[in-house]
Amino acid sequence: MDIIQKALAMLPGEIVTRDQEIIAAYTTDFRCQYTGATKALLRPRNTSEVGHIVRTCAEFGVPLVPHGGNTSYCTAATPSQSGDELVVSLERMNRVRDLDTGNLSVTADAGIILSELQRTADDAGLLLPLSLGSQHSCRIGGNLSTNAGGISVLRYGMARDLTLGLEVVLPDGSLYSELSPLRKNNSGYDVKQLFIGAEGTLGIITAVSLKLARKPSQTVTAFLAIDEIASLAEILGLAQVQTGESITSFEYISGTSLQLLLAARNELRHPLQSRGSHYVLLEAATASPVLNLKETVTGLLGELLERGLVTDGTIAASGQQAADFWHLRESIPEAEVHHGGSVKHDIAVRTSRLAAFIQAASEIVKRDAEGAVLSVYGHVGDGNVHFNIVAPPTAPAVPFKRQLERDVSPKIYRLAAEMEGTFSAEYGIGRVKMDLLERYGAGGKVELMRRIKSAIDPSGTMNPGKIVIP
Ligand SMILES: Cc1cc2nc3c(=O)[nH]c(=O)nc-3n(C[C@H](O)[C@H](O)[C@H](O)COP(=O)(O)OP(=O)(O)OC[C@H]3O[C@@H](n4cnc5c(N)ncnc54)[C@H](O)[C@@H]3O)c2cc1C
């Protein structure tokens, strides 16, 4: 018997799946960039079973790959092709453990699907302000392990900022449990932060305590056309001041992204009378019964038009129309796939430098990738832009994209670094951006990460081959 079979023999049969037809869904990543292999899928039902799995596998030296909703863009939840790693899915651990409406907090198992946890908060008249396009598939343990961002970061922060407590099974099978949802806790190092954004390389998160917010009683959504990308920062600043900091989302959509989408999806309609070079999807929300948010945003739109900062704009007249605006924003990645796929760059720079970055990066593409189509969009209120490049209709997509990756992507990343930005704003590192982390990681950071990895996971069995090699 090899070591994997020996380890599996020590685990309860009900949590072990060897059926390769079932396993197949766990060994290829969401974007089908990488297919690995595993001899078994483990699906524990509680923290104690996770501890049993990790202790047993540590004893036999069997590596483990934690698995949430498998929506990572960096193949971070996919095992290697060796077949020597076991996949641990948290999908059976989806219990809400505690909801404290007075403390505005919720504690839940790490395997719960994000939209289900949102619904729990909503049913209690509260808001879980973490929202992303993948929310019906991703799981909260995966969200914390990738420090997920999404569309409300501007107002509420990233997953890291929403986390009050964590329970984690460490690589030797021991438990770190600090789930108490305290708003203030200065009792030594903030250890939980180590596991947030660690992409499963330091342990398996089994439960989380999160901050909730008051549920907005008014939400106003607007779609704006803009001529000058340099105006973005000024528009955001004005919107924040005039709405009393009620802006929750400030999403940029380039004119070319919208064109790609409308060409791919005949049934979709352009939301404005006139066309712009750039668009912003802006959302404001408040729980205040005093503020008239619609009136405020209407006044804001009037002022933006008067000052010439926007050339056209509309405010959603109904919840359905607001959902239609969001549908446009969220369908852009799908439109890129329709046009042969894109080479993606998940960049963040200071919001004050964002327009300059987009302009300079666009120049690089114009110069070095003739005919390429830019699809640029993202959470620009956070300084985050998805700077994606699509092959022209005349060129075969696959070789064109390869050439882009070889000749253009390094220049885009270098530009981001020169502007003190990052090559990974929200999608993480996984196995696909390890070389970029080596090249552009902040001074001393990668070495410190190696030391942390070696200290917590000395045998290197927790999600090996991801983020850093110790
Ligand atoms: C349509 C779409 C839209 C998206 N939009 C956004 C967006 O706006 N913002 C954003 O930040 N991301 C976005 N993403 C990326 C992705 O959804 C997030 O990274 C998400 O947080 C991953 O969660 P998951 O449960 O799918 O994790 P998985 O993909 O299963 O895993 C991701 C990483 O976390 C580890 N992991 C999973 N669960 C655990 C656990 N319990 N303990 C320890 N490690 C664990 C895995 O090993 C892996 O390294 C999007 C993806 C898609 C497909």
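Bear in mind the structure is a predicted one, so any value in this text is a computation, not a measurement. All ligand and atom numbering here is 1-based and tracks the order in the structure. What's counted below: heavy atoms across the whole structure, side chains too, no hydrogens, waters or symmetry copies.
Of the N or O atoms in Thr71, one or more lie within a sub-3.5 Å distance of an N or O in ligand 1. Residue contacts with ligand 1: Pro66 is placed with a nitrogen or oxygen under 3.5 Å of a nitrogen or oxygen of the ligand (distance criterion only). The shortest N/O to N/O separation between Ile205 and ligand 1 falls below 3.5 Å. Residue Ala76 has at least one N or O atom closer than 3.5 Å to an N or O atom of ligand 1. Among the atoms of His67, none of the N or O lies under 3.5 angstrom from an N or O of ligand 1. Taking only nitrogen or oxygen atoms, main chain and side chain alike, Val65 does not reach within less than 3.5 Å of ligand 1. Residue Phe30 has no N or O atom closer than 3.5 Å to an N or O atom of ligand 1. For Glu199, a nitrogen or oxygen atom sits less than 3.5 Å from a nitrogen or oxygen atom of ligand 1, counting backbone and side chain alike.
In this model, no donor atom of one side chain and acceptor atom of the other lie less than 3.5 Å apart for His278 and Tyr377. When only modelled atom types and interatomic distance are considered, Glu199 and Thr201 share no side-chain donor-acceptor pair under 3.5 Å. In summary, the side chains of Thr71 and Ser137 do not present any donor paired with an acceptor at a separation below 3.5 Å, with no hydrogens or angles considered.
The side-chain tip of Arg31 points at the ring of Tyr73 from less than 6.0 angstrom away and within 45° of straight on. Both the sub-6.0 Å distance and the 45° axial angle are satisfied by Arg431 relative to the ring of Tyr34.
The protein atom (non-hydrogen) at minimum distance from atom 27 (O) of ligand 1 is Gly142 CA, 3.5 Å. Shortest contact from atom 29 (O) of ligand 1 to any protein heavy atom: Ser72 N, 2.8 Å. From the protein, the heavy atom lying nearest to atom 31 (O) of ligand 1 is Ala77 CB, 3.5 Å. Protein heavy atom nearest atom 19 (O) of ligand 1, with residue, atom name and distance: Thr146 OG1, 3.3 Å. For atom 7 (C) of ligand 1, the closest heavy atom belonging to the protein is Glu426 OE2, 3.4 Å. With respect to atom 24 (P) of ligand 1, the closest heavy atom belonging to the protein is Gly69 N, 3.4 Å. Nearest to atom 11 (O) of ligand 1 among the protein's heavy atoms is Gly149 N, 2.8 Å. In terms of protein heavy-atom proximity, atom 28 (P) of ligand 1 is closest to Asn70 N, 3.5 Å.
Each of the atoms 47 (O), 49 (O) of ligand 1 lies under 4.0 Å from some heavy atom of Asn463. The Ala148 neighbourhood of ligand 1 comprises atoms 11 (O), 21 (O), with distances under 4.0 Å to a heavy atom of that residue.
Between Ser134, Gly68, Ser331, it is Ser134 that holds the heavy atom closest to atom 17 (O) of ligand 1. The heavy atom nearest to atom 13 (C) of ligand 1, considering only Tyr427, Tyr73, Tyr26, is found in Tyr427. The nearest non-hydrogen atom to atom 20 (C) of ligand 1, considering only Leu130, Asn143, Leu64, comes from Asn143. Considering each of Cys138, Gly203, Ala110, Gly133, the one bringing a non-hydrogen atom nearest atom 23 (O) of ligand 1 is Cys138. Nearest to atom 43 (C) of ligand 1 by heavy-atom distance, out of Ser145, Ala159, Gly378, is Ser145.
Salt-bridge formation is not detected for the pair Glu85/Lys39: no Lys NZ or Arg NE/NH1/NH2 atom is positioned less than 4.0 Å from an Asp or Glu carboxylate oxygen.
Counting only distance, with no hydrogens or angles, the side chain of Thr107 and the backbone of Arg97 share no donor-acceptor pair below 3.5 Å. Remark: side-chain polar atoms of Thr163 are not paired, donor with acceptor, to backbone N or O of Gly165 under 3.5 angstrom. Tyr427 places no side-chain N or O within 3.5 Å of a backbone atom of Ser424 that could act as its donor or acceptor partner. One N or O on the side chain of Ser72 and one on the backbone of Ala76 form a donor-acceptor pair closer than 3.5 Å. The backbone N or O of Arg45 sits nowhere less than 3.5 Å from a side-chain atom of Arg92 that would complete a donor-acceptor pair.
In this structure the side chain of Ile112 reaches within 4.5 angstrom of the side chain of Val96, judged on heavy atoms.
Interatomic distance, CG of Leu258 versus CZ of Arg329, reported as 12.0 Å (0.5 Å rounding).
Only one option out of Val87, Thr78, Asp84 pairs with Thr38 in a side chain to side chain contact (heavy atoms under 4.5 Å, CB included); it is Val87.
Heavy atoms of His379 approach ligand 1 to within less than 4.0 angstrom.
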